[in-house]
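Along the sequence shown, residues carry numbers from 1.
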Amino acid sequence: MDSLPHLETIFNKLRRGYHFTPEDGEVFRPLWERFDEYERLLDSLGLDLRKHPQNVVYLVANDNVQPGTQAKKMGLFMMVLVEHFGETHSSIVPSLFDAVFRIEDLPHLKKARYEEYMNAIGIHDTEDLKGIVGSMDRFGFAEEKSNGFKLRTAAYRFLDLCREASDLGENASDDEERSEAEPGPNATGTPPATFASLDTEEESSSTGPETESSGL
């Protein structure tokens with residue numbers, strides 16, 4: 001196990017919530033190819049290493065915990081971006097990962113409904129948006145560029161969240177239709193489908209007292 005390549009670099013970044021992807025080049029390659037060996041080593045330290053089908057490697061928490069403010073900000077930021085992208089492009093993937101987004105052009109504070117969502121989590125101006133992008137860069141979800149930012153492969157985890165939220169929203173809409181026909185305790189309406197699971201999505205990238213978490 002001591003011969004595992006880039007072990008110190010990989011360990012230090014993983015425990016800070018970083019998501020490794022093919023964009024990490026020579027560091028990612030042995031981590032993916034020898035995943036089982038890294039997994040066993042980290043498991044011996046009480047850490048749970050996972051890999052996503054889209055070539056993403058990250059740590060998750062061993063205990064179920066609720067997402068923190070930072071995770072909710074990144075999650076809602078991405079859900080707005082994905083929804084807007086879906087409305088303005090013929091397809092989301094792979095175009096979403098090819099685009100370079102300029103902060104000043106983002107829809108988050110330009111559409112009343114999106115602005116309301118952003119304000120609810122303390123995002124009021126472009127500097128606040130830059131702060132979220134900075135967090136996403138730190139955790140490996142995005143790459144900051146001089147003219148904006150580009151999403152990394154790890155952002156596929158947010159697409160999973162969006163799909164789950166959409167499914168929950170569709171189920172909630174069905175329940176609401178039934179409750180309108182027969183009023184009961186669930187006849188209170190639901191958030192928009194894309195955002196329905198934000199408050200219930202479990203945090204899973206935090207491990208240990210000294211580990212920073214992306215909250216996903």
Are [X] and [Y] packed together at the side-chain level, in the sense that at least one heavy-atom pair is separated by less than 4.5 angstrom?
X	Y	answer
Asp105	Lys110	yes
Pro30	His6	yes
Phe85	Val93	no
Ile121	Thr69	no
Val57	Trp32	yes
Pro5	Arg34	yes
Glu39	Asp36	yes

How long is the straight-line distance from [atom2] of [Y] back to [atom1] of [X], given to the nearest 0.5 Å?
X	Y	atom1	atom2	value
Arg29	Phe20	CZ	CZ	14.0 Å
Ser3	Glu37	OG	CD	7.0 Å
Leu31	Asp24	CG	CG	9.0 Å
Leu159	His52	CG	NE2	8.0 Å
Tyr18	Phe141	OH	CZ	10.5 Å
Met118	Leu109	CE	CG	7.5 Å

Would you call [X]-[Y] a salt bridge at under 4.0 Å N-O?
X	Y	value
Glu87	Lys111	yes
Glu116	Arg113	no
Arg163	Asp160	yes

Indicate yes or no for a side-chain donor-acceptor contact from [X] to the backbone of [Y] under 3.5 Å, with no hydrogens or angles considered.
X	Y	answer
His84	Val80	no
Asp137	Glu144	yes
Gln54	Thr153	no

### Task
Give the ring-plane orientation class for Phe149 versus Phe77, where under 30° counts as parallel, over 60° as perpendicular and anything between as tilted.
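Correct class here is tilted.
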### Message
Which label fits Tyr58 and His19: parallel for a plane angle under 30°, tilted from 30 to 60°, or perpendicular past 60°?
### Response
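Parallel, since the angle between the ring planes stays under 30°.
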Enumerate donor-acceptor pairs with a distance under 3.5 Å from any side-chain N or O in residues 125-136 to protein atoms, sequence neighbours excluded.
unit_1 : atom_1 : unit_2 : atom_2 : d
Asp125 : OD1    : Glu127 : N      : 3.1
Asp125 : OD1    : Asp128 : N      : 2.9
Glu127 : OE2    : Lys130 : NZ     : 3.3
Asp128 : OD2    : His124 : N      : 2.8
Asp128 : OD2    : Asp125 : N      : 3.4
Ser135 : OG     : Gln70  : OE1    : 3.4
Ser135 : OG     : Gly131 : O      : 3.3

### Message
I'd like to know whether Leu47 forms a side-chain contact (heavy atoms from CB on, under 4.5 Å) with Arg15, so could you lay out the CA-CA distance, the side-chain angles of the two residues, the decisive distance to 0.1 Å, and finally the verdict.
### Response
CA-CA 9 Å; Leu47 303 176; Arg15 72 186 184 89; 5.5 Å; no
#### Entry: Joint hydrophobic cluster, Val100 plus Leu96, side-chain heavy atoms closer than 4.5 Å
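Per the 4.5 Å side-chain linkage, Val100 and Leu96 are not co-clustered.
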### Task
Grab the two heavy atoms, one from Phe97 and one from Ala155, that are nearest each other, plus how far apart they are.
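Phe97 and Ala155 have their closest heavy atoms at CE2-CB, 3.8 Å.
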### Task
Over all heavy atoms of both residues, which pair between Arg152 and Gly140 is shortest? Give the atoms and the distance, please.
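Nearest heavy atoms, Arg152 then Gly140: NE-O, 2.8 Å.
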### Task
Quick one: list whatever passes side chain to side chain donor-acceptor pair (under 3.5 Å) with Glu115, sequence neighbours left out.
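Checked Glu115 against side chain to side chain donor-acceptor pair (under 3.5 Å); zero matches.
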Atom pairs and distances, donor-acceptor, side-chain atoms in residues 7-14, under 3.5 Å, two or more places apart:
unit_1 : atom_1 : unit_2 : atom_2 : d
Asn12  : ND2    : Glu8   : O      : 3.2

### Query
Going through the checks in order, is the side-chain contact (heavy atoms from CB on, under 4.5 Å) test met by Tyr38 and Leu49?
CA-CA 8 Å; Tyr38 286 97; Leu49 188 67; 3.9 Å; yes
